[in-house]
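Read the structure below first, then the notes.
The analysis underlying the following values was restricted to heavy atoms, covering all of them including side chains, and did not include hydrogens, waters or symmetry mates.
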Amino acid sequence: MTASPRAVELATEAALAAADKLATDVLAIDVSEQLVITDVFVLAAAPNDRQVRAIVDAIEERLLKVGAKPIRREGEREGRWVLLDFGEIVVHVQHAEEREYYALERLWRDCPTLPLPEQVHAGAVARDA
């Protein structure tokens with residue numbers, strides 16, 4: 001079993017929206033073999049609380065355009081780690097410190113990552129240069 005085509009589409013759109021708002025460490029993990037509640041985790045980081053919120057808003061707006069509304073939204077008040085649950089995908093937008101500390105990709109290292117469009121990583125490369 002692998003992530004559904006719809007989950008891959010939503011994860012890609014979420015990653016692109018995050019990249020548009022300068023998110024870093026964007027990653028999509030196919031957790032469909034391990035979990036029955038969702039297919040994909042999308043992870044993204046931002047350097048401050050305000051940017052975390054901007055990324056979350058951009059993801060919600062973009063996914064709404066493709067017919068997906070979040071079932072649940074948690075952590076927005078603190079702005080350090082916001083979780084958006086869209087059913088097929090769960091998006092974690094974290095403050096860079098939390099992203100590094102919790103390193104969710106290590107917890108799910110047995111799960112494959114999904115390839116994301118070059119634009120998702122291109123912005124990070126340009127910012128690092």
Side-chain angles (χ1 to χ4, degrees):
M1 182 181 200
T2 59
S4 71
R6 176 68 171 163
V8 172
E9 173 194 9
L10 294 177
T12 301
E13 292 296 327
L16 288 167
D20 286 349
K21 291 295 179 183
L22 307 179
T24 58
D25 296 325
V26 181
L27 185 65
I29 303 171
D30 182 343
V31 295
S32 61
E33 294 280 330
Q34 304 294 323
L35 296 175
V36 295
I37 57 171
T38 194
D39 281 356
V40 179
F41 282 166
V42 177
L43 313 177
N48 57 60
D49 304 356
R50 193 159 151 181
Q51 193 168 356
V52 166
R53 289 185 189 97
I55 292 166
V56 166
D57 290 344
I59 290 169
E60 274 194 305
E61 189 176 303
R62 187 157 185 157
L63 292 187
L64 196 57
K65 290 179 182 176
V66 293
K69 289 172 54 173
I71 297 166
R72 190 173 69 223
R73 184 177 183 161
E74 295 181 11
E76 186 176 20
R77 189 175 340 169
E78 296 82 21
R80 306 276 304 170
W81 182 345
V82 179
L83 179 143
L84 296 170
D85 182 351
F86 289 91
E88 293 107 331
I89 71 167
V90 174
V91 180
H92 299 268
V93 182
Q94 299 171 290
H95 194 284
E97 293 169 2
E98 273 78 2
R99 177 82 166 84
E100 185 178 334
Y101 180 80
Y102 289 102
L104 294 177
E105 63 274 16
R106 277 196 323 240
L107 295 174
W108 299 99
R109 69 176 163 252
D110 294 338
C111 299
T113 58
L114 296 176
L116 294 172
E118 187 59 39
Q119 308 90 288
V120 172
H121 306 293
V125 171
R127 288 188 296 277
D128 291 343

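- For S4, the side chain to side chain donor-acceptor pair (under 3.5 Å) partners are D39, not counting sequence neighbours.
- With sequence neighbours left out, the side chain to side chain donor-acceptor pair (under 3.5 Å) criterion links E105 to R99.
- A search for side chain to side chain donor-acceptor pair (under 3.5 Å) contacts involving E98 returns R80, not counting sequence neighbours.
- Hydrophobic clustering (side-chain heavy atoms under 4.5 Å, transitive across Ile, Leu, Val, Met, Phe, Trp, Tyr) keeps F41 apart from I71.
- Partners of R72 according to the side chain to side chain donor-acceptor pair (under 3.5 Å) rule, which considers only residues two or more places apart in sequence or in another chain, are E74.
- Under the side chain to side chain contact (heavy atoms under 4.5 Å, CB included) criterion, R106 pairs with A103, R109, sequence neighbours left out.
- Judged as a salt bridge (charged side-chain N to carboxylate O under 4.0 Å, His left out), and not counting sequence neighbours, the contacts of E9 are R6.
- The distance from the CD atom of Q94 to the CG atom of L43 is 6.5 Å, given to the nearest 0.5 Å.
- Using a 4.5 Å cut-off between side-chain heavy atoms of Ile, Leu, Val, Met, Phe, Trp and Tyr, L84 falls into a hydrophobic cluster with V8, L10, V40, V42, V52, I55, V56, I59, L63, V66, V82, F86, I89, V91, V93, L114.
- By the ring pair (Phe, Tyr, Trp, His ring centres under 6.0 Å) test, W81 is found to be paired with H92, Y102, residues two or more places apart in sequence or in another chain being considered.
- Among residues at least two apart or in separate chains, side-chain hydrogen bond (donor to acceptor under 3.5 Å, both in side chains) pairs with a member in residues 58-67 are E13-R62, D20-R62, E60-R73.
- Residues forming a salt bridge (charged side-chain N to carboxylate O under 4.0 Å, His left out) with E88 (at least two apart in sequence, or on another chain): none.
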side-chain contact (heavy atoms from CB on, under 4.5 Å) assessment of V90 paired with L83: CA-CA 7 Å; V90 174; L83 179 143; 3.8 Å; yes
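- Using modelled atom types, one side-chain atom of Q51 and one backbone atom of K21 make a donor-acceptor pair closer than 3.5 Å.
- P117 pairs by the side chain to side chain contact (heavy atoms under 4.5 Å, CB included) definition with T12, L16, Q119, V120, not counting sequence neighbours.
- Of all the heavy atoms in A3 and S32, the pair that sits closest is N-OG, 3.2 Å.
- Residues Y101 and I29 fall within the same hydrophobic cluster, defined by Ile, Leu, Val, Met, Phe, Trp and Tyr side chains chained together at heavy-atom separations under 4.5 Å.
- Using modelled atom types, one side-chain atom of T38 and one backbone atom of G87 make a donor-acceptor pair closer than 3.5 Å.
- A17 and A58 make their closest contact through CB-O, 3.7 Å (heavy atoms, listed as atom of the first residue, atom of the second, distance).
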